[in-house]
Amino acid sequence: LLAGLPVEVPGQTVNRLCGSGLQAVVSAAHAIKADEGACLIAGGVESMTRAPYVMLKGGDPFSRTPPPRADSTLGWRFVNPALTQEGSGSLGETGAVVAGERAAREEAAAGRKDGRGLVACLVEGSGRRAPGGMFVAERQTSKIPDVPEDTPTREIKKAAIIGAGTMGGGIAMSFVNVGIPVTLIEMKQEAIDRGLATIRKNYANTVSKGRLKQEEMDKRMALITPALELAAAKDADIVIEAVFERMDVKQDIFRKLDATAKPGAILASNTSTLDVNEIAAATKRPQDVIGTHFFSPANVMRLLEVVRGAKTAKDVLATTMKLGKKLKKVPVVSGVCDGFIGNRMIEKYGQQSLFLLDEGCTPQQVDGAAQKWGLAMGPFTMGDMAGLDIGWEIRKRRYAERPNFVYSRVGDRICEQGRYGQKTGKGWYLYEPGNRKPIPDPEVEKIISQYRSEIGIKPRQISDEEIVERLIYALVNEAAYILE
């Protein structure tokens with residue numbers, strides 16, 4: 001607007017996670033080369049909401065090219081009005097649209113005046129500083145001081161995934177999405193059938209939304225070969241174990257892989273908390289062992305923790321980092337510690353969220369406060385999506401290893417009822433078949449109330465401000481300890 005551009009300039013949308021806007025610039029450049037516009041304005045939005053296409057009134061909401069301009073009063077329309085609400089989207093998208101509509105409705109000069117104020121706010125506001133910091137941080141993750149950029153890497157043409165559950169299936173999707181064939185291994189036929197059905201359902205949902213063609217779905221499914229024996233991984237260039245979070249189970253698998261995987265194959269564990277060095281010690285080739293901790297859902301989430309063991313070879317580390325980028329992830333190197341980076345921080349976050357339930361909150365109150373503050377989802381919705389049984393298994397280990405560490409046992413009470421989250425149709429919330437929308441469950445409130453009585457806590461009123469402070473400060477504080 002400050003440059004005097006016409007108000008019908010088409011909008012180029014981009015995932016908000018790319019705080020630098022470079023993805024938007026590249027995408028817009030391709031659009032310009034394709035004669036889709038002489039100039040595009042890039043904006044973004046969190047990936048799980050409908051993108052805020054900016055367009056001319058009366059135009060196609062999914063077209064980058066505006067319809068022919070009839071007069072100078074045509075303005076922009078925002079497809080997703082929810083993003084104008086406080087706490088959703090970012091001021092960048094909302095501000096640009098507001099200024100554009102004013103410019104269309106009023107005199108051009110008035111519109112430009114508004115634009116100046118908004119531009120200053122967008123540049124100087126705190127909401128703009130965070131993406132800038134994220135941009136710098138993401139670029140730093142690929143720089144490993146003792147691993148030169150020209151370090152030779154191993155070729156990854158085939159992959160094997162052990163475990164076809166929530167994580168294994170998502171990891172398999174990540175590979176076939178970029179054309180890498182996968183052998184998906186389970187121990188029982190019903191488990192592999194269930195895993196393949198989930199993968200097929202996930203792709204079918206994407207097809208039904210028009211984001212994937214049926215032919216492409218069929219092509220990706222054809223890249224997955226099911227198997228019932230570890231020997232099926234013998235030709236894989238990388239084998240990723242994604243089974244239950246127990247050290248004895250993982251060590252047994254790696255011991256067997258050591259005998260069956262080909263020489264030079266990378267042996268990776270998707271462990272979220274366990275000691276990669278202990279896992280590597282179960283093999284005679286610890287230099288080939290590395291941690292690849294994907295986050296749930298693995299086919300969606302961009303973060304990939306690459307856990308470097310004490311004996312992990314430099315070329316294995318360099319190859320895994322390169323592979324992470326090919327899988328369209330943001331690979332971040334972590335050292336070996338309990339929980340690595342993300343889960344070590346999340347443990348403190350989860351600890352406080354459970355304490356808040358003990359003291360008087362409901363799951364929906366905690367999640368609501370977190371979302372209002374700006375998170376995509378709160379801790380209990382996140383737990384249901386990832387699977388509550390994973391955290392339960394970790395807590396069981398903690399009780400034995402760190403008996404002085406204080407946890408609320410209310411999460412255990414939920415799991416003892418077989419409530420593991422979305423995959424069982426009930427966790428902290430209820431879920432209708434085929435719908436991931438969390439529904440508050442009176443039975444959960446009853447379980448929480450009974451637990452409060454057991455431990456002698458009288459519930460109190462807790463403000464959203466206190467909820468946010470306790471959750472976010474727990475994350476920040478543990479992050480500081482990690483950096484130490």
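Because only heavy atoms are used, hydrogens play no part in the values below, and waters and symmetry mates are left out as well, while side chains stay in.
Within a 6.0 Å sphere centred on CZ of R402, other residues, nucleotides and ligands contribute more than 12 heavy atoms. Counting heavy atoms of neighbouring residues, nucleotides and ligands inside a 6.0 Å radius, atom NZ of K311 does not exceed 12 of them. For E190, the CD atom counts as densely surrounded, since its 6.0 Å shell holds more than 12 non-hydrogen atoms of other residues, nucleotides or ligands. The number of heavy atoms from other shown groups lying within 6.0 Å of CD (E401) is above 12. Surrounding NZ of K396 are more than 12 heavy atoms belonging to other residues, nucleotides or ligands, all under 6.0 Å away.
Of the possible donor and acceptor atoms, none in the side chain of Q371 sits under 3.5 Å from a partner among the backbone N and O of G378. Judged by distance alone, the side chain of T320 and the main-chain N or O of V316 form a donor-acceptor pair under 3.5 Å. Side-chain N or O atoms of E186 include none that pairs as donor or acceptor with a backbone N or O of A191 at under 3.5 Å. Under a 3.5 Å cut-off, the side chain of K314 and the backbone N or O of D146 do form a donor-acceptor pair. Looking at T319, its side chain does come within 3.5 Å of a backbone N or O of R154 through a donor-acceptor pair. In this structure a side-chain-to-backbone donor-acceptor pair under 3.5 Å is missing from D275 to V336. Counting only distance, with no hydrogens or angles, the side chain of E347 and the backbone of G339 share no donor-acceptor pair below 3.5 Å. Between the side chain of K329 and the backbone N or O of M301 there is at least one donor-acceptor pair closer than 3.5 Å. Side chain of T312 to backbone of V289: a donor-acceptor contact under 3.5 angstrom is found. S208 places a side-chain N or O within 3.5 Å of a backbone atom of N205 that can act as its donor or acceptor partner.
Residues E305 and N343 have side chains not in contact (no heavy-atom distance under 4.5 Å, counting atoms from C-beta outward). Between R220 and I199 there is no side-chain heavy-atom pair separated by less than 4.5 Å. Side-chain contact between Y451 and S408 is present, with at least one heavy-atom pair separated by less than 4.5 Å. Counting only heavy atoms from C-beta outward, the side chains of K325 and S142 approach each other to under 4.5 Å. Residues M382 and I346 meet the side-chain proximity criterion, which asks for heavy atoms closer than 4.5 Å. A 4.5 Å side-chain heavy-atom check between L184 and P226 finds every atom pair outside the cut-off. With contacts defined as side-chain heavy-atom distances shorter than 4.5 Å, the pair I162/L257 qualifies. The shortest side-chain heavy-atom distance between E245 and K250 falls under the 4.5 Å cut-off.
Of all heavy-atom pairs spanning Q351 and V406, the tightest one is NE2-O, 2.7 Å. Considering every non-hydrogen atom in both L388 and C415, the closest pair reads O-SG, 3.6 Å. Across W373 and V468, no two heavy atoms sit closer than the pair CD1-CG1, 3.4 Å. Shown here for A298 and G170, the closest heavy-atom pair between the two residues is CB-C, 3.6 Å. Smallest separation of non-hydrogen atoms from V307 and I290: O-CG1, 3.1 Å. Residues G309 and N277 share a closest heavy-atom pair of CA-OD1, 3.3 Å.
Considering CE of M247 and CD1 of I279, their distance stands at 5.0 Å, rounded to 0.5 Å. Once rounded to the nearest 0.5 Å, the distance linking CD1 of I455 with CG of D358 reads 4.0 Å. Interatomic distance, L323 CG to T153 OG1, rounded to the nearest 0.5 Å: 10.0 Å. Between I467 atom CD1 and Q365 atom CD the span is 4.0 Å, to the nearest 0.5 Å. Going from atom CZ of F254 over to atom CG of D288 covers 11.0 Å, rounded to the nearest 0.5 Å. Atoms NZ and CD1, from K158 and I238 in turn, are 15.0 Å apart once rounded to the nearest 0.5 Å.
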Steps toward side chain to side chain contact (heavy atoms under 4.5 Å, CB included) verdict (R419, V444): CA-CA 10 Å; R419 306 178 68 109; V444 168; 3.4 Å; yes
Derivation of the salt bridge (charged side-chain N to carboxylate O under 4.0 Å, His left out) call for K426 and D441: CA-CA 9 Å; K426 56 184 180 178; D441 186 358; over 6 Å; no
Dump the intermediate steps for salt bridge (charged side-chain N to carboxylate O under 4.0 Å, His left out) on E393 and R397, then the final yes or no. CA-CA 7 Å; E393 190 63 32; R397 179 167 61 85; over 6 Å; no
Please evaluate residues Y473 and Q352 with respect to the criterion side chain to side chain contact (heavy atoms under 4.5 Å, CB included), reporting the C-alpha separation (whole Å), side-chain torsions for both, the decisive distance (0.1 Å), and the verdict. CA-CA 10 Å; Y473 289 169; Q352 285 299 322; over 6 Å; no
E359 vs R460, salt bridge (charged side-chain N to carboxylate O under 4.0 Å, His left out): CA-CA, chis, key distance, verdict: CA-CA 6 Å; E359 296 169 29; R460 63 183 177 88; 3.0 Å; yes
Is there a side chain to side chain contact (heavy atoms under 4.5 Å, CB included) between K326 and I180 once you walk through the steps? CA-CA 10 Å; K326 183 172 183 178; I180 299 176; 4.2 Å; yes
Could you go through the side chain to side chain contact (heavy atoms under 4.5 Å, CB included) check for L327 and I171 one step at a time? CA-CA 10 Å; L327 297 179; I171 296 169; over 6 Å; no
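The closest side-chain donor-acceptor pair between D367 and Y429 falls under 3.5 angstrom.
Cation-pi contact between R409 and Y399: present, with separation from the ring centre below 6.0 Å and deviation from the ring axis of at most 45°.
For R413, the side chain to side chain donor-acceptor pair (under 3.5 Å) partners at least two apart in sequence or on another chain are E454. Every residue two or more places apart in sequence or in another chain that forms a side chain to side chain donor-acceptor pair (under 3.5 Å) with D248 is listed here: R246.
Ring geometry, Y420 versus W392: the interplanar angle falls from 30° to 60°, so the pair is classed tilted.
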